[in-house]
Amino acid sequence: IYGHISRQRPDAMLGLFDFPNANVTSEERVTTNVPLQRLFLLNSDFILQYAQRLAARIADAVPNDEPGRIRFAYQLLFQRPPTEKELGTGINYIEGGRRWPLYAQALLGTNEFLYVD
């Protein structure tokens with residue numbers, strides 16, 4: 001897959017995620033995690049919009065079953081079932097009065113989602 005990259009004006013969002021210098025060749029991207037990435041994932045309207053869409057998709061697929069919704073979310077995002085600890089944490093988070101879009105945002109911000117091998 002090819003994409004157009006401007007060497008004079010690199011994309012600001014890609015810069016948050018340590019996009020390599022377009023003037024230098026690189027055979028492999030180095031995995032990094034910097035504070036700007038986390039701040040972007042917490043405060044970005046882009047991420048919030050997709051978290052709301054993800055929460056709606058989960059609710060449509062598995063109505064009225066919080067553990068089932070969490071299992072579906074993990075299968076959808078990570079291609080695996082949640083561990084017992086992850087399931088318990090998710091249930092506690094949702095039952096603690098937090099909304100699904102915030103939980104979906106947290107899942108989208110995990111290293112496992114961002115850096116899939």
Side-chain angles (χ1 to χ4, degrees):
I1 298 175
Y2 296 93
H4 175 74
I5 302 295
S6 173
R7 293 177 191 219
Q8 285 76 32
R9 292 186 332 217
D11 186 284
M13 186 184 306
L14 294 177
L16 291 174
F17 292 90
D18 290 342
F19 188 76
N21 184 343
N23 296 311
V24 179
T25 60
S26 175
E27 61 187 52
E28 185 176 308
R29 183 179 185 275
V30 178
T31 300
T32 61
N33 185 1
V34 296
L36 289 177
Q37 294 172 3
R38 293 291 166 216
L39 290 172
F40 174 78
L41 294 170
L42 285 172
N43 299 313
S44 167
D45 288 335
F46 175 80
I47 296 296
L48 293 174
Q49 179 184 17
Y50 279 91
Q52 290 170 348
R53 288 182 183 182
L54 175 60
R57 181 176 177 185
I58 293 167
D60 288 345
V62 186
N64 303 319
D65 178 17
E66 300 306 329
R69 286 181 179 181
I70 293 169
R71 287 185 187 96
F72 179 78
Y74 270 78
Q75 193 64 44
L76 183 66
L77 296 175
F78 308 125
Q79 303 299 302
R80 66 171 181 83
T83 65
E84 289 300 317
K85 182 177 180 182
E86 290 167 336
L87 183 61
T89 300
I91 291 169
N92 288 338
Y93 187 84
I94 297 299
E95 289 179 352
R98 296 187 178 79
R99 298 178 316 184
W100 263 96
L102 294 176
Y103 183 66
Q105 181 184 9
L107 293 176
L108 290 173
T110 62
N111 278 348
E112 185 174 357
F113 181 74
L114 293 175
Y115 300 109
V116 176
D117 288 333

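Side chains included, hydrogens not; waters and symmetry mates left out as well; all remaining heavy atoms used.
- Rounding to the nearest 0.5 angstrom, the gap separating the CD atom in Glu112 from the CD atom in Glu86 is 6.5 Å.
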Please determine whether side-chain contact (heavy atoms from CB on, under 4.5 Å) holds for the pair Tyr74 and Leu107, giving the CA-CA distance in whole Å, both sets of side-chain angles, and the decisive distance to 0.1 Å.
CA-CA 8 Å; Tyr74 270 78; Leu107 293 176; 3.9 Å; yes
Just do the side-chain contact (heavy atoms from CB on, under 4.5 Å) check on Leu54 and Tyr50 with the steps written out, would you?
CA-CA 6 Å; Leu54 175 60; Tyr50 279 91; over 6 Å; no
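- A continuous path of Ile, Leu, Val, Met, Phe, Trp and Tyr side chains, each step under 4.5 Å between heavy atoms, connects Val62 with Leu76, placing both in one hydrophobic cluster.
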Asp65 and Phe72: side-chain contact (heavy atoms from CB on, under 4.5 Å), yes or no, with the steps?
CA-CA 10 Å; Asp65 178 17; Phe72 179 78; over 6 Å; no
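- Across every non-hydrogen atom of Ile70 and Gly90, the tightest pair is CD1-C, 3.4 Å.
- Note that OG1 of Thr110 and CD of Gln105 are 12.0 Å apart. Values are rounded to the nearest 0.5 Å.
- Heavy atoms only, all atoms of each residue included: Pro67 and Leu87 are closest at O-CD1, 3.8 Å.
- Ile94 and Leu48 sit in two unconnected hydrophobic clusters of ILVMFWY residues. Membership requires side-chain heavy atoms under 4.5 Å apart, directly or through other members.
- Taking the six-membered ring where the residue is Trp, Tyr103 and Trp100 present perpendicular rings, their angle passing 60° and hence far from 30°.
- Rounded to the nearest 0.5 angstrom, Gln75 CD and Ile58 CD1 are separated by 12.0 Å.
- In this structure, Arg80 places its CZ atom where more than 12 heavy-atom neighbours from other residues, nucleotides or ligands lie under 6.0 Å away.
- Shown here is Gln79, whose CD atom has more than 12 heavy atoms of other residues, nucleotides or ligands within 6.0 Å.
- Although no hydrogens or angles enter the test, the distance criterion places no donor-acceptor pair under 3.5 Å between the side chain of Arg71 and the main chain of Pro81.
- In terms of heavy-atom proximity, Ala51 sits nearest to Ala104 at O-CB, 3.5 Å.
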